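Quick caveat, the model's predicted, so the values are computed rather than measured. As a basis for the values below, the full set of heavy atoms in this structure was taken, side chains included, without hydrogen atoms, waters or symmetry mates.
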Amino acid sequence: MGKQQDVGAADQHSGSGTTDHRPIGGDADARLALAQDPTTPQMTLIDLASDPSAVVRKTVAARPDAPAQALRPLTRDHDRQVREAVARNPSSSVGNLMRLVKDDDRWVRWAVAGNPACDESIRRVMSEASDKELRGLLAESRELEPELAARLIDDASPEVRERLATHTHDPDVITALLADRTARVRKGLARNPRTTADQRSALAADPVVDVRAALVRALELDEADLERLVDDRSVQVRLAMATSAVVPPHVREALTRDPDETVAAAARDFRPGAGTASAVRAPRIGHRPSSAGPGRRGDSRR
């Protein structure tokens with residue numbers, strides 16, 4: 001992670017001292033070019049952090065080499081996309097991120113969750129937030145401390161627990177969530193490749209069809225589990241097996257003789273690699289949609 005430089009230290013990017021100053025003038029395009037220039041002195045970046053154009057300020061906010069004196073005031077910028085840029089900046093200080101994880105705008109808060117500079121103190125605040133999505137993003141974090149993971153096991157939101165179940169690497173968390181009464185949480189475990197063979201066997205016998213179907217799509221199973229599932233009472237489960245990339249060929253061959261013609265046809269027509277997806281989706285990082293929607297204010301040069 002890059003570190004914010006103090007004014008007066010040598011500028012390693014430009015080779016000039018940070019006390020150098022480049023005159024700021026011209027229209028917004030000229031100031032934007034100055035904000036984008038890797039050789040722009042840090043004192044100039046500090047001045048550009050208060051530029052009237054939100055685009056210029058956002059550019060400064062996104063620079064990994066931006067000095068702390070530039071980023072700190074931008075955490076309170078009236079434009080949410082400027083604050084969001086600071087929240088994504090891997091050089092942002094813990095203090096800046098702590099302020100932004102409590103921001104009134106959800107996109108700013110969610111951006112903090114994906115910042116590699118997040119530490120335990122910030123994750124602790126996330127675990128206590130009323131924002132369900134923020135807790136969900138925390139649940140997907142690989143750096144999640146056992147104490148915080150234990151707190152999320154009992155989270156009021158089934159979605160948060162499901163995301164924890166899908167992404168956790170902690171064996172104790174997996175064991176605890178296996179007993180969760182909400183099917184979608186167990187469905188999350190059915191997609192988690194860190195489950196043991198015994199845990200997968202338990203999921204293969206889950207009373208909820210969606211859990212068993214998710215399991216056969218995502219994870220390799222022992223032969224005994226496969227033999228039981230190939231005769232599963234649910235057409236949905238057998239169809240999921242017929243179209244699963246992780247099911248062995250001999251099992252798919254057996255499904256070509258399934259009494260349900262939809263299942264049999266799917267098994268016969270299966271082609272490896274056709275339309276398959278990863279078992280566990282990548283953690284969400286909280287990126288806003290690319291197109292502006294109702295109520296969104298895009299950046300504009302002023």
Side-chain angles (χ1 to χ4, degrees), residues 1 75-76 80-81 83-90 92-195 199 203 206 208 210-211 214 218 278-289 293 295-296:
M1 181 184 73
T75 64
R76 296 183 291 271
R80 65 182 180 183
Q81 293 195 27
R83 303 195 307 277
E84 184 179 338
V86 181
R88 295 191 189 283
N89 191 326
S92 289
S93 68
V94 170
N96 285 340
L97 295 179
M98 187 65 76
R99 180 179 297 111
L100 293 169
V101 80
K102 302 173 185 177
D103 196 273
D104 290 338
D105 187 90
R106 58 180 182 168
W107 291 103
V108 176
R109 297 193 301 269
W110 298 349
V112 173
N115 194 311
C118 272
D119 68 0
E120 182 179 358
S121 66
I122 297 171
R123 287 191 287 272
R124 187 174 301 279
V125 171
M126 293 171 63
S127 73
E128 298 169 350
S130 60
D131 182 347
K132 178 182 71 173
E133 177 64 19
L134 190 60
R135 301 197 311 275
L137 290 168
L138 175 66
E140 296 179 346
S141 171
R142 292 197 61 171
E143 293 78 26
L144 187 60
E145 289 76 13
E147 176 191 347
L148 300 183
R151 178 178 298 174
L152 293 177
I153 287 172
D154 297 320
D155 195 275
S157 167
E159 179 185 342
V160 172
R161 303 198 307 276
E162 177 191 11
R163 290 165 72 172
L164 179 65
T166 304
H167 292 276
T168 184
H169 289 66
D170 190 323
D172 293 335
V173 173
I174 292 175
T175 299
L177 291 175
L178 196 63
D180 196 291
R181 294 184 177 183
T182 303
R184 68 181 296 178
V185 177
R186 302 194 304 277
K187 184 178 177 181
L189 284 178
R191 298 191 296 267
N192 191 327
R194 274 77 58 177
T195 48
Q199 289 166 340
L203 292 165
D206 195 279
V208 177
D210 283 349
V211 175
S278 59
V280 181
R281 69 176 183 271
R284 308 173 192 176
I285 305 300
H287 285 286
R288 68 173 70 241
R296 269 195 59 201

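D170 and T168 share no side-chain donor-acceptor pair at under 3.5 Å.
Side-chain contact between V94 and D119 is present, with at least one heavy-atom pair separated by less than 4.5 Å. In this structure, E147 and R124 have side chains that are in contact, with non-hydrogen atoms separated by less than 4.5 Å. At a threshold of 4.5 Å between non-hydrogen side-chain atoms, the residues E145 and L148 count as touching. Between Q199 and L178, some side-chain heavy-atom pair lies under the 4.5 Å cut-off. Between R184 and R161 there is no side-chain heavy-atom pair separated by less than 4.5 Å.
The salt bridge (charged side-chain N to carboxylate O under 4.0 Å, His left out) check on D210 picks up nothing, with sequence neighbours excluded. Applying the salt bridge (charged side-chain N to carboxylate O under 4.0 Å, His left out) criterion to E143, with sequence neighbours excluded, gives no partner residue. Here D131 pairs with R109 under the salt bridge (charged side-chain N to carboxylate O under 4.0 Å, His left out) rule; sequence neighbours left out.
A distance of 5.5 Å separates CG of L144 from OG of S141, quoted to the nearest 0.5 Å. Atom CE of residue M126 and atom CG of residue L134 lie 4.0 Å apart, to the nearest 0.5 angstrom. Here L138 contributes atom CG and R163 contributes atom CZ; the two are 10.0 Å apart, rounded to the nearest 0.5 Å. Taking CD from E128 and CZ from R135, the interatomic distance works out to 11.0 Å, rounded to the nearest 0.5 Å. With rounding to the nearest 0.5 Å, the separation of CG in L97 from CG in N115 is 5.0 Å. One distance of note links CG of D155 with OG of S157; it measures 5.5 Å at 0.5 Å rounding.
At least one donor-acceptor pair closer than 3.5 Å links the side chain of R123 to the backbone N or O of C118. Between the side chain of T75 and the backbone N or O of N96 there is no donor-acceptor pair closer than 3.5 Å. Of the possible donor and acceptor atoms, none in the side chain of D180 sits under 3.5 Å from a partner among the backbone N and O of V185. In this structure a side-chain-to-backbone donor-acceptor pair under 3.5 Å is present from R194 to H167.
R186 and L177 get closest at one heavy-atom pair: CG-O, 4.2 Å. Closest approach of P116 to P90, counting heavy atoms only: CG-CB, 3.9 Å. For the pair P158 and T182, the tightest heavy-atom approach, listed with the atom from each and the gap, is CB-CG2, 3.9 Å. When all heavy atoms of V112 and A87 are compared, the pair lying nearest together is CG2-CB, 3.7 Å.
Using a cutoff of 4.0 Å between basic side-chain nitrogens and carboxylate oxygens, R106 and E133 are not scored as salt-bridged. A salt bridge links E84 and R88; the closest N-O separation between the charged side-chain nitrogens and carboxylate oxygens is under 4.0 Å. A salt bridge is absent between E162 and K187: the closest approach of a Lys/Arg side-chain nitrogen to an acidic carboxylate oxygen does not fall below 4.0 angstrom.
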Checklist entry - Run the side chain to side chain contact (heavy atoms under 4.5 Å, CB included) check on R99 and R76 step by step: do they pass? => result CA-CA 9 Å; R99 180 179 297 111; R76 296 183 291 271; 3.7 Å; yes
Next on the checklist: Applying side chain to side chain contact (heavy atoms under 4.5 Å, CB included) to T166 and L189, what does each step give before you reach the verdict?
Outcome noted: CA-CA 5 Å; T166 304; L189 284 178; over 6 Å; no
Item to check | Intermediate values then yes/no, side chain to side chain contact (heavy atoms under 4.5 Å, CB included), I122 and V101 | outcome: CA-CA 8 Å; I122 297 171; V101 80; 4.2 Å; yes
